[in-house]
There are 2 protein chains.
Amino acid sequence: MPRPPARPPGEKSTREQILDVALELFTDVGYEKTSLREIAERMGFSKAALYYHFASKDDILMALHMRLHELGQEGFDQFESGEVDPAEWPAVFDKIISRMFEHRTLFMLHVRNHASFEKLHEKGHEQQHVDLEERLRQILADDRVPLPFRVRLACAFGAVMAGMLMSSDIFSDVATDDLSTILQGAVRDLISPAAVPSPA
Amino acid sequence: MPRPPARPPGEKSTREQILDVALELFTDVGYEKTSLREIAERMGFSKAALYYHFASKDDILMALHMRLHELGQEGFDQFESGEVDPAEWPAVFDKIISRMFEHRTLFMLHVRNHASFEKLHEKGHEQQHVDLEERLRQILADDRVPLPFRVRLACAFGAVMAGMLMSSDIFSDVATDDLSTILQGAVRDLISPAAVPSPA
DNA sequence: GTCTATATTTCGATAGAC
DNA sequence: GTCTATCGAAATATAGAC
């Protein structure tokens, strides 16, 4: 079989470098507004060269989608395995928040380009994988969990997103560890069982 | 002076109708992906007719920006007027959440098209008004307020956003009043003074 | 206020040489 | 793996009639 590497260790493949550049541009310029010419320019080669590494522009976006998807698998597996025990959620969330922080750009990419990702889903790019967003949707729609709890769970994700968003902006001075700790405390107040009134 | 109306009461002007259509399309298709042809089609007239009501595509987006901006003025004025008394914030937030809920699409438009709005700001579309986002930024950057509190304030906005996002999706069955109440409770847990540990 | 027709630009994608 | 050159599609915007 063909062996791809023969690359100095610790050095990224051209393909991965393209994805890094695309991630940055797509996130703060927007997917539609970012042209392949712009990506190629930053990479130091021509637009056509991109087509050696990716079949299309959509293909680049899809590759970034997979990055997040693989990341999310582990996190969500913890959530869904076994029974839903709300008492455990804060602890589980602590880990999830840390992981989200490490790859916050990836999350922001999705928030900021929601429409483009939906188009991707509709088009021929059918994949047999269960979408990350779809899994969250299922958890939030689970009738066995009281509604206030589920809403607060959604809020928790939103809160972390907002914190991450600001971390690269207003709170950029603050150490990410401190920020992460504050966020964990906030999420605890949101979804710890004591905070959620049980329905009548 | 010229008088515009002569329109049956309760009926919206063509300009406002265009904005309504644009708001919907920009929000769930995306600003860049939405073509003027698509807007015109829904309006029942041709693309060129749009240019009678708006100078450019950007001009439509700007008009929608102003809608949110006017909305935000009142809310933020409460926040900034007088001293910053954290004890009052939860009460103030209750009102703000209600207002945000009424116009949630407008907020989602901004979240989902952040890059496009930034472009608008850079371009020649200089306006003398203080941007809504800029005002929030200033509040969150105010050193007189302890950091954990400010981060939690950011979280509160994120939480409400997430709740609103889901309200048109997973929680679409739930009455908006119920949802609003749950959100208010969640925000209280996030930013009530008791919840925030005072710094050492 | 709305139309048809068209100018202009930009972009994604392909072909084929090296 | 990267290049130059180019095609074809689609979009914004304008001109001028009605």
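All heavy atoms count here, side chains included; hydrogens, waters and symmetry mates do not. Every chain is numbered from 1, with letters handed out A, B, ... down the list of sequences.
With sequence neighbours left out, A:F117 forms a ring pair (Phe, Tyr, Trp, His ring centres under 6.0 Å) with A:H65, A:H110. In this structure A:E134 satisfies the salt bridge (charged side-chain N to carboxylate O under 4.0 Å, His left out) test together with A:R137, sequence neighbours excluded. Under the salt bridge (charged side-chain N to carboxylate O under 4.0 Å, His left out) criterion, A:R104 pairs with no residue at all, not counting sequence neighbours. Not counting sequence neighbours, the partners of A:K33 by the salt bridge (charged side-chain N to carboxylate O under 4.0 Å, His left out) test are B:E32.
When the side-chain nitrogen and oxygen atoms of A:S46 are compared with OP1 and OP2 of D:dC3, one or more of them lie within a distance under 4.0 Å.
Atom CG in A:L50 sits about 14 Å away from atom P in C:dC11, given to the nearest Å. In this entry the distance linking CG of B:D59 with P of D:dT14 reads 12 Å, nearest Å. Atoms CE (A:M43) and P (D:dC3) sit 10 Å apart, rounded to a whole Å. Note: CZ (A:F54) to P (D:dG1) measures 12 Å, nearest angstrom. Counting to the nearest Å, the C1' atom of D:dA15 and the OH atom of B:Y52 are 17 Å from each other. In this structure, A:L61 atom CG and C:dG12 atom C1' are separated by 15 Å, rounded to whole Å. Put simply, CD on B:E38 is 15 Å from C1' on D:dT12, counting in whole angstrom units. The distance between atom NE2 of B:H53 and atom C1' of C:dC3, rounded to the nearest whole Å, is 13 Å.
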Between the protein and nucleotides 13-18 of chain C, are there any N/O to N/O pairs under 3.5 Å, and if so, what are the atom names and distances?
residue	atom	partner	partner atom	Å
C:dA13	OP2	A:Y51	OH	2.9
C:dA13	OP2	A:K57	N	2.9
C:dA13	O5'	A:Y51	OH	3.3
C:dA13	N6	A:K47	NZ	3.2

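Interatomic distance, CG of A:L183 versus CG of A:L190, reported as 10.5 Å (0.5 Å rounding).
For A:R37, the listed nucleotide lying nearest its side chain is C:dC11; candidates were D:dT2, D:dT4, C:dC11.
In this structure a side-chain-to-backbone donor-acceptor pair under 3.5 Å is present from B:R150 to B:L140.
Every pair passing side chain to side chain donor-acceptor pair (under 3.5 Å) that includes a residue from residues 9-21 of chain A is listed here, sequence neighbours excluded: A:K12-A:D20, A:E16-A:R67, A:D20-A:R67.
At the heavy-atom level, B:F45 lies under 4.0 Å from the strands shown only through sugar-phosphate atoms.
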